[in-house]
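What follows is a set of notes on a single structure, which appears directly below.
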Amino acid sequence: METTYDYVVVGAGTAGCVLATRLSEDPAVGVLLLEAGDRSPAEAPPPVWPTLQGTSADWAGVSVPQAATGGVVPWPRGRGVGGSSAINGMVFTRGHRSSYDAWAAAGATGWGFEDLLPYFRRSENAPGRDPATRGVDGPLTVAPASPGHPVAQALLAAAQQTGYPVVPDLNAGLDEGFGWSDLNIVDGRRQSAADAYLAPALPRPNLTLVTDALAHRLLTTGGRCTAVQYGVGSEVFTARADREIVLTAGTVGSALLLMLSGIGPAAHLRQLGIEVVADLPGVGSNLQDHPRSTVIYSAARPLPTGRTNRAEVAGLVRSDPSAAAPDLQLQLVDMPYYAPALPPSIPGTGEGWSIGISAMTPRSRGTVRLTAASPDAPPRLDPNYYGDPHDVAVMTAGLRIARTIGTAPALDSWRGAEVLPGPAVQDPAEVRDYLFQSLRTYSHQVGTCRIGLDDRAVVDPQLRVRGIDALRVADASVMPTIVSGNTNATVCGIAERAAALITGQTD
Ligand SMILES: Cc1cc2nc3c(=O)[nH]c(=O)nc-3n(C[C@H](O)[C@H](O)[C@H](O)COP(=O)(O)OP(=O)(O)OC[C@H]3O[C@@H](n4cnc5c(N)ncnc54)[C@H](O)[C@@H]3O)c2cc1C
């Protein structure tokens, strides 16, 4: 069966919900939003959000064995309306402005911090924050925990005792130091991009959402993308776009769909018997993620039950004073948060707390590849964590800083003992081994369809796929380099700006 719309948006995750909502604001324009997963994916109360992993709301991937560490890393990824915003940790923060200015400097004209600011502000409603930098009437309502968890408060005091500033709004992208993270939790419930954007827009007669619809491939004629072929159950449908097709299937999904459609590295496609439509060697390359590890302490006394996402306070710092920009995030978690690869000899919830460590500007680069010419085949995910020794050095510095803060006097009344890595782990080789064993993803994968002007860029600064007409990508995959913050707020800004580019309404 064939249907025709003005725009077809593929993937109803963070970016897809923003895009479909903004494009359908014009009642004269017909928009189809396709999503592989459920219309109402599984939900969980904020404090137990990790229990969503492994449910039908998660593609539940796993990396290939990593060359540096020898281990595999589980990769949760949202599947269903809301996408990863429906299963994520609900931290809503921009990267530091240096992240976006680096994009513009590398050729992504129009994507510097000042360029993006109006779009960041458009996405959010951040009551109590400075309206000069933060939005006041956007769809997503974001705010810090109130009241904050007492261990989070103690961590802020500990950071200050260690010499770091406590700043009023770490989420704006302008400051370094420690502060309360904004959370997209409203009245005790997660507010996903689907809740904030899509749900109010769905009654529009010009917006159609089709779920359980896996996009198989894009159809191109004479260099123009004309349609998306997708499957629902065993039936195959074709959705034509009179104006454009926009991919918002995420860092994994958008790269896979391009390659399944013959748009990607020619040698890889030919190996799988896929006819090459456009040889774009950068598709699926430049994969970046934030590696994550943790220091865990037992609690000196029972912890009050966490009521939010259990990660209310964060710090953005430099691993070394000579670093060009902040390159480390530390996050207080009011429970022991560990990697499955480690022995579970750690305190239970309520009996411990942890400081997460994550390198924010990693230099390692990986790939997303097809394993077969089929939309149902699991992808080959190789983030190449610690492929560049620089990232190990940054994480080693992070572990040292976390331990310094963790042992500051302000945490004395909460701290029992350091459980992981444990006081015996001190020399550089042992620390490196611990970082490798405790490695997990921060779930911030980006970069596989990056913006740029060079031959390995996948989209131009207007997000148009190079060499193919009427096709754009507008999700986490277009980030040229990973930002120094949790990625969801940045994806909202990207999608807001994409909508403005498509409709010709850029600021
Ligand atoms: C467990 C977890 C925790 C996280 N925690 C945080 C956090 O606390 N704060 C933060 O800022 N960020 C966090 N993130 C990251 C953040 O949520 C993502 O960066 C962001 O949601 C990515 O948006 P996206 O639109 O690019 O992709 P997604 O939101 O992943 O959306 C892609 C959508 O496309 C669909 N799709 C894929 N392929 C196809 C296809 N072929 N056909 C049809 N549909 C398809 C998918 O099912 C999905 O719904 C977390 C992510 C995860 C997974």
Side-chain angles (χ1 to χ4, degrees), residues 8-19 33-38 41 46 49-54 56-61 74-95 140 142 171 181-185 190 192-194 198 210-218 228-232 246-258 260-261 289-290 292 308-311 314 329 331 356 375-376 379 440-449 473-479 482-483 485-492 494-495 498:
V8 179
V9 180
V10 183
T14 301
C17 289
V18 175
L19 243 311
L33 176 60
L34 293 175
E35 168 54 44
D38 294 351
W49 64 266
T51 60
L52 291 168
Q53 291 168 33
S56 62
D58 178 14
W59 290 84
W75 258 34
R77 165 165 80 96
R79 178 184 176 122
V81 173
S84 296
S85 79
I87 68 165
N88 75 8
M90 294 159 285
V91 171
F92 197 83
T93 185
R94 301 170 193 163
L140 275 156
V142 300
N171 313 285
S181 296
D182 279 345
L183 310 173
N184 46 285
I185 299 174
R190 168 194 300 278
S192 71
L198 193 64
V210 181
T211 53
D212 303 299
L214 180 70
H216 292 178
R217 65 189 186 107
L218 307 167
V228 182
Q229 214 171 61
Y230 65 95
V232 180
V246 189
L247 303 190
T248 51
T251 292
V252 175
S254 289
L256 292 180
L257 190 54
L258 286 174
L260 285 166
S261 313
D289 191 13
H290 292 142
R292 187 174 164 114
T308 62
N309 66 341
R310 317 207 71 140
Q329 192 199 80
Q331 187 184 51
D376 298 311
R440 59 191 301 163
T441 173
Y442 207 171
S443 295
H444 294 161
Q445 296 90 17
V446 307
T448 53
C449 302
V473 186
D475 55 23
S477 71
V478 303
M479 295 188 209
I482 195 163
V483 296
N486 310 55
T487 40
N488 197 43
T490 297
V491 176
C492 291
I494 289 171

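Heavy-atom basis, side chains included; hydrogens, waters and symmetry copies ignored. Atoms within a ligand are numbered from 1 in the order they appear, just like the ligands themselves.
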Closest non-hydrogen atoms of S254 and L247, given as atom of the first, atom of the second and distance, are OG-CB, 3.7 Å

The protein heavy atom nearest to atom 4 (C) of ligand 1 is N88 CB, 3.1 Å

Ranked by distance from atom 35 (C) of ligand 1, the top protein heavy atom is E35 OE1, 3.3 Å

Honestly, for V91 the part within reach of ligand 1 (heavy atoms, under 4.0 Å) is both

With H290 as partner, the option from H444, Q445, Q329 fulfilling side chain to side chain donor-acceptor pair (under 3.5 Å) is H444

ask   = Under 3.5 Å between some N or O of ligand 1 and some N or O of T14?
value = yes

In ligand 1, the atoms that come under 4.0 Å of a heavy atom of G80 are 47 (O), 49 (O)

S85 heavy atoms within 4.0 Å reach ligand 1 at atoms 21 (O)

For G78, the atoms of ligand 1 under 4.0 Å from one of its heavy atoms are 46 (C), 47 (O), 48 (C), 49 (O)

Closest heavy-atom pair, N171 versus D182, reported as atoms and distance to 0.1 Å, is OD1-N, 3.1 Å

*asked:* Checking the side chain of W49 only, and the main-chain atoms of N309 only, is there a donor and an acceptor separated by less than 3.5 Å?
replied: yes

Next item on the list: Would you check, one step at a time, whether the test side chain to side chain contact (heavy atoms under 4.5 Å, CB included) holds for D212 with D38?
Entry: CA-CA 6 Å; D212 303 299; D38 294 351; 3.5 Å; yes

Nearest non-hydrogen protein atom to atom 2 (C) of ligand 1, with distance, is S443 CB, 3.5 Å

Between T248 and A15, the two heavy atoms sitting closest are CG2-CB, 3.8 Å

Looking only at protein heavy atoms, what sits closest to atom 33 (C) of ligand 1 is G13 N, 3.7 Å

The atoms of ligand 1 lying under 4.0 Å from a heavy atom of G250, numbered in the order shown, are 26 (O), 27 (O), 32 (C)

| request: Check whether any heavy atom of A213 sits under 4.0 Å from an atom of ligand 1. | output: yes

Between P74 and T441 the two heavy atoms that sit nearest each other are O-CG2, 3.3 Å

* Please check if the side chain of E35 supplies one atom and the backbone of G80 the other of a donor-acceptor pair under 3.5 Å. => yes

Contact between ligand 1 and W59 is defined here as a heavy atom of the residue under 4.0 Å from a ligand atom; is it met?
yes

Heavy-atom nearest pair, V246 first then A474, reads CG1-CB, 4.0 Å

Review point. Taking the side chain from R190 and the backbone from A86, do they hold a donor-acceptor pair closer than 3.5 Å?
Key: yes

Of all protein heavy atoms, the one nearest atom 5 (N) of ligand 1 is G89 N, 2.9 Å

The atoms of ligand 1 lying under 4.0 Å from a heavy atom of A36, numbered in the order shown, are 43 (C), 44 (N), 45 (C)

Check: So is there a nitrogen or oxygen of R77 less than 3.5 Å from a nitrogen or oxygen in ligand 1?
Finding: no

* Answer yes or no: does an N/O atom from V491 fall short of 3.5 Å to an N/O atom of ligand 1? => no

Can any side-chain N or O of D475 pair as donor or acceptor with the backbone N or O of G250 at less than 3.5 Å? yes

for atom 18 (C) of ligand 1, nearest protein heavy atom and its distance come out as T487 OG1, 3.9 Å

Logged contact type for Q53 with ligand 1, heavy-atom cut-off 4.0 Å, is side chain

When distances are taken from atom 29 (O) of ligand 1, the protein heavy atom at minimum range is S84 N, 2.9 Å

Candidates G83, G11, A249; heavy atom nearest atom 32 (C) of ligand 1 found on A249

Would L257 count as a contact of ligand 1 if the rule is a heavy atom under 4.0 Å away? no

Discussion item. Checking side-chain polar atoms at under 3.5 Å, does N488 have a donor or acceptor matched by the opposite partner on T14?
Written reply: yes

For A15, the ligand 1 atoms with a heavy-atom partner under 4.0 Å come out as 25 (O)

Note: H444, heavy atoms under 4.0 Å from ligand 1, region reported as side chain

N/O donor-acceptor pair under 3.5 Å between T448 side chain and T251 backbone: yes

**Item:** Whether D58 side chain and G78 backbone form a donor-acceptor pair below 3.5 Å
**Value:** no

- So, the side chain of W75 versus the backbone of S443: is there a donor-acceptor pair under 3.5 Å, distance only? no

Open item on the list: Any nitrogen or oxygen of L214 lying under 3.5 Å from a nitrogen or oxygen in ligand 1? Just yes or no.
Closed with: no

Any heavy atom of T248 under 4.0 Å from ligand 1? The part involved is backbone

If you scan protein heavy atoms around atom 26 (O) of ligand 1, the nearest is A476 N, 3.0 Å

What one should report as the nearest heavy-atom pair of G37 and T211 is O-CB, 3.4 Å

With heavy atoms and a 4.0 Å threshold, my read on which part of S254 contacts ligand 1 is neither

